[in-house]
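Single-structure report; data block below.
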Amino acid sequence: MPIDGLIILDETGRPIIQTNFRNTSTAYPLLHVDAFNDALAKSYPTQIDPILYVMSHNGPSACCHISCGGLRILAPLSTDMDPLFVFSFLQRFVDVLQDYFGEVSALVLKDNFDVVYQVLEEMVDDGYPLTTELSALRDIVLPPSFVNKILSVAGVAGLAKASATPFSSPIPWRKTGLKYNNNEIYFDIVEELDAVVSKTGTVVSSTVWGKVKSNCRLSGTPDLLLSFINAQVITDCSFHPCVRLQKWTRDKILSFVPPDRYFTLLEYRFAPAAGIAAAQPVAPPFTMKPEVRLIENGGELSLTLTSRTSGKPIGTTSVELYLGSGATGASCTVSSGCTWGYDPSKLLLRWEIPSMTPLSTHTLRGSFTSMAVHPRPSRALTATFEIKQHSFSTLKVDQLKVSGEVYKPYKGVRGQARGTVEFRW
């Protein structure tokens, strides 16, 4: 049950990188590119199905895809396979590209297409994922370096070479002989709220997903024990392969030998403590009172956003409304410090608030025009936000113990909350 190939499309929908893991006809990948572009043209960008049905002369197939910045990554499938397996690999591939290049864009991939193809050759063998650990990949395929490129063009000898023994470490995710002048490890607790609010202001659904990301710069091969405060409030956990599951199941403590540098240690879903009956859903940190009145060839808008927080300010907040097919423009006035704009290519009205102080109120009033006599804008507004040093679940790192090494590392912890809320009107 292998993956048939991988295609990367730029912002215009044209393939910039394409590889076939299996023997297929030259028209096979083009059918999936055309199917994706057709589906994208017929639907709102965020509403396109993640799995597309494609019919070819060899029979039906599927096209799984994800977005990364302005790029789209497609994976054709012609055999019976769990799509979650494919999406997991695609996300891992994106993580590897971000680690290698920092920024993933069409220009970056074109400048480093040789490295991208080498990484793909090592990550996948005949359609089956093979080497996906960054520590092993970095030994086999060296990350690009501006200095190395200049020296290579100049023909200078003595450039860095890939390791002759990339799989010599007994631990797949960690190299042997790592040394740092300063031993330190950082943890980021990142939580995302996904909520829907009805037109009466009631929270219809609310889910909080979280990740514990780490940046490890520790010498040798340390064995870590990480404990949390309020560990009982998280469930549906997914761990990095380095975590010993038995220790977590028994004591709710993470025991692991960490990979080097950046990795995601834990993913989870926030669930209220078992002793709390009929727990209320997590509410967004602000309320919105949307008023939209439709008239011939347009409509009138009045949006009021009020912060519910009493402590930390809310960071950059963005509110978007799809004005529907035929929309031609908008004219709005906003509160001091806020900005608004209209994107004619996506037919989106966007309102941005750089910062919301506790209990503050911000407004947008205006109108939009449309070529349609009876315009049909989206029946919901989408608001995104972020709050630094905040956690919906109150999960905190309690203690970090190190064994196997004599040093005492520096530990840094920070939290970040962000979310997407759909306000219906």
Side-chain angles (χ1 to χ4, degrees), residues 44-47 69-70 190-204 206 208 282-295 297-370 375-392 415-425:
Y44 186 58
T46 59
Q47 296 174 349
V190 181
E191 295 186 341
E192 298 186 12
L193 170 67
D194 188 2
V196 177
V197 180
S198 69
K199 61 182 180 181
T200 61
T202 304
V203 179
V204 178
S206 176
V208 175
V282 177
F286 50 80
T287 60
M288 179 183 291
K289 184 180 179 182
E291 296 179 4
V292 181
R293 189 171 72 91
L294 301 180
I295 58 178
N297 299 107
E300 297 177 350
L301 306 169
S302 177
L303 310 179
T304 303
L305 205 62
T306 304
S307 171
R308 298 175 61 250
T309 62
S310 58
K312 298 181 177 66
I314 303 174
T316 304
T317 303
S318 175
V319 180
E320 293 183 349
L321 175 64
Y322 175 63
L323 298 182
S325 177
T328 56
S331 176
C332 301
T333 57
V334 295
S335 304
S336 176
C338 303
T339 60
W340 74 276
Y342 173 70
D343 188 343
S345 62
K346 298 180 180 179
L347 307 179
L348 278 178
L349 174 66
R350 182 178 292 107
W351 176 28
E352 292 190 355
I353 306 171
S355 178
M356 293 179 63
T357 56
L359 305 177
S360 62
T361 299
H362 302 267
T363 59
L364 176 145
R365 291 183 175 87
S367 61
F368 69 93
T369 57
S370 175
R376 300 183 62 184
S378 172
R379 301 296 297 184
L381 298 101
T382 302
T384 59
F385 67 92
E386 63 177 18
I387 308 175
K388 295 182 178 180
Q389 298 298 330
H390 181 72
S391 171
F392 295 112
Q416 182 183 16
R418 51 179 178 237
T420 302
V421 186
E422 181 182 291
F423 289 94
R424 297 173 180 172
W425 58 271

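Note that this is a predicted model, so its numbers are computed, not measured.
The side chain to side chain contact (heavy atoms under 4.5 Å, CB included) search around E192 returns R418, not counting sequence neighbours. Applying the side chain to side chain contact (heavy atoms under 4.5 Å, CB included) test to S391 and every residue at least two apart in sequence or in another chain returns E191, S393. Partners of Y342 according to the ring pair (Phe, Tyr, Trp, His ring centres under 6.0 Å) rule, which considers only residues two or more places apart in sequence or in another chain, do not exist here. Applying the side chain to side chain contact (heavy atoms under 4.5 Å, CB included) test to T339 and every residue at least two apart in sequence or in another chain returns E352. Among residues two or more places apart in sequence or in another chain, the salt bridge (charged side-chain N to carboxylate O under 4.0 Å, His left out) test is passed with K289 by E291. Applying the side chain to side chain contact (heavy atoms under 4.5 Å, CB included) rule to T328 yields the partners T369, M371; only residues at least two apart in sequence or on another chain are considered. Looking at residues two or more places apart in sequence or on another chain, you find a ring pair (Phe, Tyr, Trp, His ring centres under 6.0 Å) between F385 and F286. Residues that satisfy the salt bridge (charged side-chain N to carboxylate O under 4.0 Å, His left out) test with E300, not counting sequence neighbours, are R293. In this view, R376 satisfies the salt bridge (charged side-chain N to carboxylate O under 4.0 Å, His left out) rule with no residue, not counting sequence neighbours. The salt bridge (charged side-chain N to carboxylate O under 4.0 Å, His left out) search around R350 returns E320, not counting sequence neighbours. H390 pairs by the ring pair (Phe, Tyr, Trp, His ring centres under 6.0 Å) definition with F392, not counting sequence neighbours.
The distance from atom CZ of R365 to atom CG of L301, rounded to the nearest 0.5 Å, is 11.5 Å. To the nearest 0.5 Å, atoms OG (S378) and CG (L348) are separated by 9.5 Å. Taking CZ of R424 as the start and OG1 of T202 as the end, the distance is 11.5 Å to the nearest 0.5 Å.
Residues L303 and L321 have side chains not in contact (no heavy-atom distance under 4.5 Å, counting atoms from C-beta outward). Within the 4.5 Å cutoff, no side-chain heavy atoms of C332 are placed close to those of W351. With a 4.5 Å cut-off on side-chain heavy atoms, L305 and M356 count as touching. Counting heavy atoms from C-beta outward, L364 and V319 have side chains that stay 4.5 Å or more apart.
Looking at T363, T304, T361 one by one, the single match for side-chain hydrogen bond (donor to acceptor under 3.5 Å, both in side chains) with S335 turns out to be T363.
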Extract all donor-acceptor atom pairs below 3.5 Å that involve side chains of residues 307-314 and protein atoms in other chains or at least two apart in sequence.
| unit_1 | atom_1 | unit_2 | atom_2 | d |
| --- | --- | --- | --- | --- |
| S307 | OG | T309 | N | 3.3 |
| S307 | OG | T309 | OG1 | 3.0 |
| R308 | NH1 | P284 | O | 2.7 |
| T309 | OG1 | K312 | O | 3.2 |
| K312 | NZ | Q389 | O | 3.2 |

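Ionic pairing of E386 and K388 is not present here: no N-O contact between side-chain nitrogen and carboxylate oxygen is shorter than 4.0 angstrom.
Taking both residues in full, the closest heavy atoms of S331 and W340 are given as CA-CH2, 3.8 Å, listed atom of the first, atom of the second, then distance. Of all heavy-atom pairs spanning A380 and W425, the tightest one is N-NE1, 3.6 Å. The nearest pair of heavy atoms linking L193 to A283 is CD2-O, 4.3 Å. The nearest pair of heavy atoms linking L323 to F368 is CD1-CB, 3.8 Å. Scanning all heavy atoms of the two residues, the minimum distance from P375 to I295 falls at CD-O, 3.5 Å. When all heavy atoms are compared, the tightest approach of C338 to V334 is O-CG2, 3.4 Å.
T384 and T420 share no donor-acceptor pair across their side chains, judged by distance under 3.5 Å alone.
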